[in-house]
Amino acid sequence: MNMTERSGNEAVFMGAAEKLVSGCHMTRQDFTELLSGYGDLRITEYLAQEAVRVRRQYYGTKVFTRGLIEFTNYCKNNCHYCGIRGGNRNAVRYRLTREEILECCQEGYKLGFRTFVLQGGEDPFYTDEKMADIVREIKSTFPDCALTLSIGEKSYESYRLLREAGADRYLLRHETADEAHYRLLHPEPMSLSVRKQCLYDLKALGYQVGAGMMVGSPGQTWETLAEDLMFLQKLQPQMVGMGPFIPHHDTCFAGERAGSVELTLYLLSIVRLLLPRVLLPATTALGTMDPRGREKGLAVGANVVMPNLSPIKNRKNYDLYDNKICTGDEAAECRMCLERRVASVGYELVTERGDYLWQET
Ligand code: SAM
């Protein structure tokens, strides 16, 4: 997408912004008008200021931290944008053992993490039984911690088994809510309808659910972004993961432009206002595109950071996109670095689980 400024009519996009801020239901036209304000300083500042106000109303100055454990980079899928897609023969593959995963949690617990995120490619090696066993072990060893899974598309039955084993949350970005755009990013047999059904199944099973999309992925347009916002409004997820697309050298999108930091920030403010109590990470991809990207994300409405707890020896191989940051730092260093970054924009990194606020406060 050409991420240049849009030249919408000020009265029109400010009208849409005010509608969003007042909590009204947004139509596709409203979202289109809102996006037409991108690049205008007045609306950008207005949305950011309101997003921060809303974020403070619910979460004060707290920033929640999630210990990310990237436990496998094997993947049976072949998403065109992703460095660990199954078809990439240059990827150096690894899997963590159950014991290694538990060691990561142990170290994270000592550092004050009370949420662990197990993320990986769609790796058939980890059968439902193996995953459920790992989930049960983590939950019984660390009963005061929340456990998030991010292991892709599964059947309702598999999600149920993992929920019963103790998983609390599930991250599954929808990637794009537009059919044609989805097809451009994902080969057969993947489909948007299955992806969406997974998210509805996860919600029905009582998970705290995270959807989201890359910003500036090849083929993305203002219309597909409006569709993403429509979908988020309908789904009402508890978390939204949103970071810039960054090309990976071993994919067919190697020569594409990366997504824009500014547009990601604009969208973070919009999502905070659309879903006021959402748990919204300032992503590693944002930090990769801009050395102060995560701080900027926190300053426009984000309230979560996800430092890496994976063993150093494997970090570089969880290679989703080029130049990914934080691949060489010890978990303790990552945590301290983020603590400083969070404090530099006036917030406080806290150790609590940081669950979704279900009740109005
Ligand atoms: N397999 C799981 C799934 O499909 O949800 C989780 C792992 S997947 C690698 C995690 C996320 O990485 C994806 O949802 C995608 O948005 C993001 N990602 C992959 N390639 C990327 C790229 N080139 N730039 C930015 N983000 C990327």
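Order of appearance sets the numbers: ligands from 1, and atoms from 1 within every ligand. On a predicted model such as this, the values are computed, not experimentally measured, just so you know. All values below come from the heavy atoms of this structure, side chains included, with hydrogens, waters and symmetry mates left out. Just so you know, residue 1 is the first one in the sequence shown, and it goes up from there.
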K.L.:
Got the closest protein heavy atom to atom 21 (C) of ligand 1, with its distance?
P.N.:
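In this structure, atom 21 (C) of ligand 1 has Met214 SD, 3.8 Å as its nearest protein heavy atom.
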
K.L.:
For atom 23 (N) of ligand 1, find the nearest protein heavy atom and state the residue, atom name and distance (0.1 Å precision).
P.N.:
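Atom 23 (N) of ligand 1 sits closest to the protein heavy atom Ile246 O, 2.7 Å.
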
K.L.:
Does any donor atom in the side chain of Asn317 or Asn73 lie under 3.5 Å from an acceptor atom in the other side chain?
P.N.:
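Per modelled atom types, Asn317 and Asn73 side chains form no pair under 3.5 Å.
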
K.L.:
If you measure every N/O of Phe245 against every N/O of ligand 1, is any gap under 3.5 Å?
P.N.:
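No, since none of the N or O atoms of Phe245 sits under 3.5 Å from an N or O of ligand 1.
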
K.L.:
Between Asp355 and Gln208, do the side chains contain an N or O donor and an N or O acceptor separated by less than 3.5 Å?
P.N.:
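Judged by distance alone, the side chains do pair up.
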
K.L.:
Suppose I only count heavy atoms of Arg173 and a 4.0 Å limit; which atoms of ligand 1 are within that range?
P.N.:
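Here the atoms of ligand 1 in question are 14 (O), 15 (C), 16 (O), 17 (C).
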
K.L.:
Does the separation of the ring centres of Tyr81 and His186 fall below 6.0 angstrom?
P.N.:
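They qualify: ring centres under 6.0 Å apart.
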
K.L.:
Counting only non-hydrogen atoms of the protein, does one fall under 4.0 Å from atom 14 (O) of ligand 1?
P.N.:
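Yes; the ligand atom in question has protein heavy-atom contact below 4.0 Å.
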
K.L.:
So which heavy atom in the protein is nearest atom 20 (N) of ligand 1, and how far is it from that ligand atom?
P.N.:
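Result: Tyr81 CD1, 3.4 Å.
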
K.L.:
Who are the side chain to side chain donor-acceptor pair (under 3.5 Å) partners of Lys196, not counting sequence neighbours?
P.N.:
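Per chain and number, Lys196 pairs via side chain to side chain donor-acceptor pair (under 3.5 Å) with no residue.
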
K.L.:
Going through the distances and angles, do Arg353 and Asp144 end up as a salt bridge (Lys or Arg N to Asp or Glu O under 4.0 Å)?
P.N.:
CA-CA 8 Å; Arg353 276 171 54 124; Asp144 53 338; over 6 Å; no

K.L.:
Numbering the atoms of ligand 1 from 1, which are under 4.0 Å from a heavy atom of Tyr318?
P.N.:
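Near Tyr318, the atoms of ligand 1 are 7 (C), 9 (C).
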
K.L.:
Using modelled atom types only, decide if a donor and an acceptor are shared between the side chain of Arg335 and the backbone of Leu111 within a distance under 3.5 Å.
P.N.:
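Between the backbone of Leu111 and the side chain of Arg335 there is a qualifying donor-acceptor contact (under 3.5 Å).
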
K.L.:
Looking only at protein heavy atoms, which one is nearest to atom 2 (C) of ligand 1, and how far off is it?
P.N.:
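Minimum-distance protein heavy atom for atom 2 (C) of ligand 1 reads Gly120 O, 3.4 Å.
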
K.L.:
For Leu320, take its heavy atoms, then give the atoms of ligand 1 lying under 4.0 Å from any of them.
P.N.:
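With Leu320 as reference, the close atoms of ligand 1 come out as 9 (C), 12 (O), 20 (N), 23 (N).
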
K.L.:
Quick check on contacts: which atoms of ligand 1 are under 4.0 angstrom from a heavy atom of Pro244?
P.N.:
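So the answer, numbered in order with elements, is 25 (C).
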
K.L.:
Any protein heavy-atom neighbour for atom 11 (C) of ligand 1 (distance below 4.0 angstrom)?
P.N.:
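So far as the 4.0 Å threshold goes, atom 11 (C) of ligand 1 is out of reach of every protein heavy atom.
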
K.L.:
Which ligand 1 atoms, with their elements, are less than 4.0 angstrom from a heavy-atom of Ser150?
P.N.:
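Result: 2 (C), 6 (C).
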
K.L.:
Distance-only, no hydrogens or angles: does the Tyr159 side chain make a donor-acceptor pair with backbone N or O of Leu205 under 3.5 Å?
P.N.:
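No; zero donor-acceptor contacts below 3.5 Å.
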
K.L.:
Does an N or O from Glu175, backbone or side chain, lie closer than 3.5 Å to an N or O of ligand 1?
P.N.:
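Looking only at distances, the answer is yes, because the N/O contact criterion of under 3.5 Å is met.
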
K.L.:
Counting non-hydrogen protein atoms only, what is the nearest one to atom 5 (O) of ligand 1? Give residue, atom name and distance.
P.N.:
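Heavy-atom neighbour on the protein nearest atom 5 (O) of ligand 1: Arg195 NH2, 3.3 Å.
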
K.L.:
For Glu122 and Glu153, indicate whether the former's side chain and the latter's backbone hold a donor-acceptor pair under 3.5 Å.
P.N.:
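Indeed, once roles are kept as given, a pair shorter than 3.5 Å links the two residues.
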
K.L.:
Using the ring of Tyr109 (Phe, Tyr or Trp, six-membered ring only), decide whether Arg114 places NZ or CZ under 6.0 Å from its centre and within 45 degrees of its axis.
P.N.:
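Here Arg114 passes the 6.0 Å and 45° test against Tyr109.
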
